[in-house]
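Chain identifiers are assigned alphabetically (A, B, ...) following the order of the sequence lines, protein sequences preceding nucleic acid strands; residue numbering begins at 1 within each chain.
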There are 2 protein chains.
Amino acid sequence: MPRAGLSATHIVTEAAGIADTDGIEAVSLARLAGQLGVRVPSLYKHIDGLADLRTRLAVTGVRGLTEAVAAATVGRAGRDALLACCRAYRDYAHRHPGRYAAIQRPPDPHSPADQEYREHTDALLALVLTVLRGYDLDGDDAVHAARVLRSTLHGFVALEQLGGFGLPADLETSFDRAVDTIDAGLHAPRGKDTP
Amino acid sequence: MPRAGLSATHIVTEAAGIADTDGIEAVSLARLAGQLGVRVPSLYKHIDGLADLRTRLAVTGVRGLTEAVAAATVGRAGRDALLACCRAYRDYAHRHPGRYAAIQRPPDPHSPADQEYREHTDALLALVLTVLRGYDLDGDDAVHAARVLRSTLHGFVALEQLGGFGLPADLETSFDRAVDTIDAGLHAPRGKDTP
DNA sequence: GCTTTCAAGCTAATACACTTAGCCAACGAG
DNA sequence: CTCGTTGGCTAAGTGTATTAGCTTGAAAGC
């Protein structure tokens, strides 16, 4: 009875592959065990059930997203940084749809990976705040701006993945308009209507 | 053996109640049958399985959302209509989180309700385009603007429901800023950078 | 009023999926 | 070499969805 040499990271990586190719719904312990050449209960030696696996998937998703955005925005500032951030964000969601979808479900507080998840989401928020440096925002204004940016990015790719944009108008143009809109909004005077 | 007097709409309404109170994950045929005082296979006389039920739930969600936005924006125009639209959208998602979550999963093309679902999403898009009248947008420009608006709204409430806004800054202010940002972007010259 | 027909409930059975309990062999530390 | 730990396994239990086929309530037709 030889050993398969599994590990938690190995399992999560395989799960991420399934999610990216066949969708997040296709990630099951049964299929995972089958692909890893192992029986289902063996997975429990490394992960704490399905909920834990999903939380770990979310961790890899938000970590990969953070790394992609960080790599794209290093050394840039202002509008240049904003554009690079937005493109990297959407590009990651396109290349890893399953991992991105995994971060769209609330984490399980019982999972051992839950705290790690929260740390990584905080890191992503901090990174976005860094990207917004150069628009001379301070304190709560920066937080509000980061929320608006993240909302638009998340909403765009989420609707894209849902096929919610039925009309034939070009998606790239739509995305550029979204980024332009955010950029314009960041320059506009805050807390008042547009003049 | 008395009859329970079920119907498809009755079942879907009960499912929507479960989704709104305990989350979309809690909607199962077993629980549904229990609450309706009936055995599980009896549900199949009215709906075509779980996938069909979920698509029908999505239909009620997008229909309710459309009605809420329509009621809030009738008789308004320009920025006034935009603000009312955004508030009504977010308010509906807050009052019916389960129904709103139901429209975030792709519909099942095998479901009898699938075409109805597509019709209702088209109606919502048409309504948003109506709201944007008054910003003198035409053709593709209007479609792009509608996408940006929908992305931001969807992204904001989705992140809100995920608890993704960990920081203590006020959510109402953040939402107002998002609406201001969209409004400013709609006034900005299109297809070019901000001056 | 009786019959016929259909729809709406039911039981039974099947097929999966997740989870836990407990066993057994392989590997590493001493 | 031995022994403890770890990582695999089988077996069993629970919950869910789905299908097949039966049975009866209730309405439609004569």
| message | Check this for me, if you would: do A/D138 and A/R133 make a salt bridge, where the nitrogen-to-carboxylate-oxygen distance has to be below 4.0 angstrom? | response | no
| query | Listed in order of residue number, which residues of residues 45-61 of chain B have a non-hydrogen atom at under 4.0 Å from DNA chain D? | reply | B/G49, B/L50
| query | Is the closest side-chain heavy-atom distance between A/I103 and B/L162 below 4.5 Å? | reply | no
| field | B/Y135 and B/D183: side chain donor to acceptor below 3.5 Å | value | yes
| field | DNA chain D-proximal residues of residues 6-33 of chain A, any heavy atom under 4.0 Å | value | A/L6
| query | Do A/E160 and A/R90 sit within salt-bridge range, that is, some charged N less than 4.0 Å from a carboxylate O? | reply | yes
| Any B/S42 side-chain N or O less than 4.0 Å from OP1/OP2 of C/dC10 | yes
| query | Once you round it to whole Å, what is the distance between P of C/dC23 and OH of A/Y44? | reply | 20 Å
| Heavy atoms under 4.0 Å, any strand shown: does B/V38 hit a base, just sugar-phosphate, or nothing? | sugar-phosphate
| Do B/T152 and A/T152 have a side chain donor and acceptor closer than 3.5 Å? | yes
| task | Send over the distance from A/H110 NE2 to C/dT19 P, rounded to a whole Å. | result | 13 Å
| task | Mind calculating the distance between CZ (B/R39) and P (D/dT23) to the nearest angstrom? | result | 17 Å
| B/L129 versus B/A142, closest heavy-atom pair with distance | CD2-O, 3.5 Å
| query | Is it true that atom CZ of A/R105 has more than 12 heavy atoms of other residues, nucleotides or ligands lying nearer than 6.0 Å? | reply | yes
| message | Pairing donors with acceptors under 3.5 angstrom, does anything connect the side chains of A/Y89 and A/H94? | response | no
